[in-house]
> 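To start, I am sharing the structure in question, which I have written as structure tokens.
Convention: sequence-line order gives letters A, B, ...; per-chain numbering from 1. Every value quoted in this text rests on a predicted model; they were computed, and no experiment measured them.
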2 protein chains.
Amino acid sequence: MQVKIKDVAKHAGVSVTTVSRVLNGERYVKDDLKAKVNDAIQELGYAPSQIARSLVRNKTNLIGVIVPDLTSSFYSTILSSIEDMASANDYNLLVCNISENIDKELKYLNVFQEMRVEGIIIMHEKINEEIRHLIHKINIPVIFSSVKPLDQSFASVIVDDYQASYDATKYLIELGHETIGFIGGDLQDITSGQNRYSGYRNAMADNGKTLVDEHIRFGDYKVRSGYLHMKELLSIERPPTAVFAVSDDMALGAMNCIRDHQLRVPEDISVMGFDGSLLTELVRPTLTSMEQPIQEMGRATMDVLLKQISGKKIPTGDVVLEHRLVIRESCQPRI
Amino acid sequence: MQVKIKDVAKHAGVSVTTVSRVLNGERYVKDDLKAKVNDAIQELGYAPSQIARSLVRNKTNLIGVIVPDLTSSFYSTILSSIEDMASANDYNLLVCNISENIDKELKYLNVFQEMRVEGIIIMHEKINEEIRHLIHKINIPVIFSSVKPLDQSFASVIVDDYQASYDATKYLIELGHETIGFIGGDLQDITSGQNRYSGYRNAMADNGKTLVDEHIRFGDYKVRSGYLHMKELLSIERPPTAVFAVSDDMALGAMNCIRDHQLRVPEDISVMGFDGSLLTELVRPTLTSMEQPIQEMGRATMDVLLKQISGKKIPTGDVVLEHRLVIRESCQPRI
DNA sequence: CTGAAAGCGCTTACAG
DNA sequence: CTGAAAGCGCTTACAG
């Protein structure tokens, strides 16, 4: 039913080879034949099959993307930036939303292999042994975006999470806060869990602040989690005067919780976020946050991946982008 | 370099036909051969090429999705729900983020055709003549999700936008508001522009409220737009005591604007949103909104599309889902 | 400059 | 139950 190259050839009175040549813009086709072919294509509404083309060219122009949560403003912004770059380079995106479902990730990694995607982008770092093994096995360029898995053999595009977290904490200290609550991530996550936690600890220690166990909590980066952990922080006798959450979503949850307890941000408690997602400007008070260059992260990810695909040597190790503290309304000097 | 079926056959000492048979779980393969083949597959790490398979089966298991804005909470939630359904039915998603770029849409529609996607989901209704024509030409099942284009020959999954808007307005009237500002959408959009505007107008008229031109504005559904239009509403002599924005994003913008003008929501001005996106619960005050069943919308979209693909007759016309007013904190009786 | 033929990696009648 | 062969819709040497 679909028009195929043979139909076009017949219609134009030439060979399929010639049709293929004008399709691919090769030289060595006389203008009159070229015109005939183009007319036939037009009249028949022919669109060449990428499937057939991929098979013979051994090139699919497909990139597989694994997103932990599409509804998160952070990931969807990276994805959007990745899509822009992909489209500009004539690549198409096969998108998988795993929402903490490891089985789905395994399944999609297999699908990606079967679809012969040319590269894979992964945006979460909870890689178990099976997945680690599979990724190595399938032998397709893989890049981690915004996260860094334990396996050192994978390339990542990230910020210096340790330093970013250190700087964020330091800022709160410089505002005069003596007690700073911490709502961290999963300690199994290298970048967003461990590194950000170390940054907080060391900034506190280096500036002579005591680390209070009660002030330190670990969530799952989501709004609800920030809310619940803030609730715990508010329930202790002398809550911290500032709170640093390692995602903007958790910071928002914390702000909402504080507000729901009839306290004010930042007058009663300062709140610092992490990510620099769109949310920071949408909430009131606007959220001071340690910004990752989200757009650039998407761009750099595609950049490295495209280089890996074309076989060029990738820059040694990870790509580390600059973090930046963006001061808004949610933090103020301790009075 | 990639292992192919021939390699497996050789390794297992059988024909490629036999390998193909065990791959596709056909009966009529003796257990010992089956075992040999499976061993070979395992040892060689073989994954069949979907590309080759698609070519011969004339089936790609691909669905193309066109999203107007990935970073919007509304669309990314629908997309996430669509992805769930697709994955459960062994379909993969080719995602395109057009961000108001008509050229990109045209390009992707062509790509979708060339990739031989089995179905296309479109989430915006600004379809120009060229695109309309292209969609008809390529002859692939198309469904519009959450929007309805002018062309009656396309199927949509939507709510009754007119009635939903009518009900939302009526609720504000019942709270005692005499003047109700309206921040609408693009009047070129049937569902979210025209229908929601008519619903507002008629609810006002039916309840003896005068329509004030100054109170009626049209935005682009985004936060910033809601902010700016609210600013205009606040600048008139006697601003309305309630505002109905036809997207949650615009409602949030309106709330922020009101707050930035030292007024309170809902004490000074009530704000009503539309969509029932995740935002409604994340902001403070929480946002009263006319909810579209977003998850269900994604599910229903895939449902109809899968039926179209399998050639089953689709239910006559559009699928209209139930809207639901969800009362939260942002609206209160006029004092 | 043009075309016949082989081949990309599979599946599927067909024959045995 | 098993395999040789044709064919899916293209591209690309090769020959002319």
> I'd like to check A/Leu94 versus B/Leu94 (side-chain heavy atoms, cut-off strictly below 4.5 Å). Are they in contact?
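Answer yes - side chains close enough.
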> Please check if the side chain of B/Ser49 supplies one atom and the backbone of B/Ile51 the other of a donor-acceptor pair under 3.5 Å.
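Yes; judged by distance alone, with no hydrogens or angles, the pair exists.
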> Looking only at the side chains, is there a donor atom on one of B/Tyr221 and B/Asp189 sitting less than 3.5 Å from an acceptor on the other?
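Judged by distance alone, the side chains do pair up.
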> Please report the distance, rounded to the nearest Å, between CG in A/Leu44 and P in D/dG9.
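After rounding, the gap between these two atoms is 15 Å.
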> Whole Å only: how far is the CG atom of A/Asn61 from the C1' atom of D/dC10?
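Rounding to the nearest Å, CG of A/Asn61 and C1' of D/dC10 are 15 Å apart.
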> Rounded to whole angstroms, how far apart are NZ on B/Lys10 and C1' on C/dG9?
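For the pair B/Lys10 NZ and C/dG9 C1', the rounded distance is 14 Å.
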> Salt bridge or not between B/Lys126 and B/Glu105? Use side-chain N to carboxylate O under 4.0 Å.
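Result for this pair is no, no salt bridge flagged.
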> For B/Lys307, is there an ion pair with B/Asp303 - N to carboxylate O distance below 4.0 angstrom?
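Yes, this pair counts.
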> Measure CG/A/Leu55 against P/D/dC8 and give the value in whole Å, please.
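So the CG-P distance, A/Leu55 to D/dC8, works out to 14 Å.
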> Pair up each side-chain donor or acceptor in residues 32-47 of chain B with any protein partner under 3.5 Å, not counting sequence neighbours, and list the distances.
residue	atom	partner	partner atom	Å
B/Glu43	OE1	B/His11	NE2	3.0

> Taking all heavy atoms of B/Tyr108 and all of A/Ser87, pick out the closest pair and write down the distance.
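Residues B/Tyr108 and A/Ser87, closest heavy atoms: OH-CB, 3.5 Å.
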> Which parts of nucleotides 11-16 of chain C does protein reach within less than 4.0 Å, heavy atoms only, written one letter per nucleotide 5' to 3' as B for base, S for sugar-phosphate only and - for none?
SBBB--
> Roughly, in whole Å, what's the span from CG in B/Asn58 to P in D/dC8?
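After rounding, the reported distance stands at 10 Å.
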> When you check the gap from the basic side-chain N to the acidic O, do A/Lys59 and A/Glu118 get nearer than 4.0 Å?
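Looking at A/Glu118 together with A/Lys59, the answer is yes, because their closest N to O distance falls below 4.0 Å.
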> Let's see if you get this right: which residues in residues 30-37 of chain B place a heavy atom under 4.0 Å from DNA chain D?
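The answer is B/Lys30, B/Leu33.
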> In dot-bracket form, 5' to 3', how is DNA chain C paired? Count Watson-Crick and G-U wobble pairs only if both distances fall under 3.5 Å, and write | where the partner sits on another strand.
|||.||||||||.|||
> Let me know the distance between CD1 of B/Ile51 and C1' of C/dG9, rounded to the nearest Å.
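My rounded result for the distance is 10 Å.
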> Within residues 108-115 of chain B, which residues have any heavy atom lying less than 4.0 Å from an atom of DNA chain C?
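None - not one residue of the stretch has a heavy atom sitting under 4.0 Å from the strand.
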> So, A/Ser15 versus A/Thr18: side-chain donor-acceptor pair below 3.5 Å or not?
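Present: a donor and an acceptor within the cut-off.
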> Given C/dG9, is OP1 or OP2 found less than 4.0 Å from the side-chain N or O atoms of B/Ser49?
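For C/dG9, OP1/OP2 do not have a side-chain N/O of B/Ser49 under 4.0 Å.
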> Quick one about A/Glu125 and A/Thr191 (side-chain donor to acceptor, distance below 3.5 Å, no hydrogens or angles considered), yes or no?
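Result is yes, a qualifying pair exists.
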> Would you indicate, yes or no, if C/dG3 has its OP1 or OP2 atom less than 4.0 angstrom from a side-chain nitrogen or oxygen of A/Thr18?
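Yes.
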> Considering only distance and modelled atom types, tabulate donor-acceptor pairs under 3.5 Å from the side chains of residues 71-81 of chain A, sequence neighbours left out.
residue	atom	partner	partner atom	Å
A/Thr71	OG1	A/Asp69	OD1	2.8
A/Thr71	OG1	A/Asp69	OD2	3.4
A/Ser72	OG	A/Phe74	N	3.2
A/Ser72	OG	A/Tyr75	N	3.2
A/Ser76	OG	A/Ser72	O	3.0
A/Ser76	OG	A/Ser73	O	3.3
A/Thr77	OG1	A/Ser73	O	2.7
A/Ser80	OG	B/Asn97	OD1	3.2
A/Ser81	OG	A/Gln295	O	2.7
A/Ser81	OG	A/Arg299	N	3.4

> Any chance you could lay out the side-chain contact (heavy atoms from CB on, under 4.5 Å) test for B/Met297 and B/Leu321, step after step, and finish with the verdict?
CA-CA 7 Å; B/Met297 208 162 235; B/Leu321 303 176; 4.1 Å; yes
> Between B/Ser153 and B/His136, is there a side-chain donor-acceptor contact under 3.5 Å, judged purely by atom types and distance?
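Short answer, yes.
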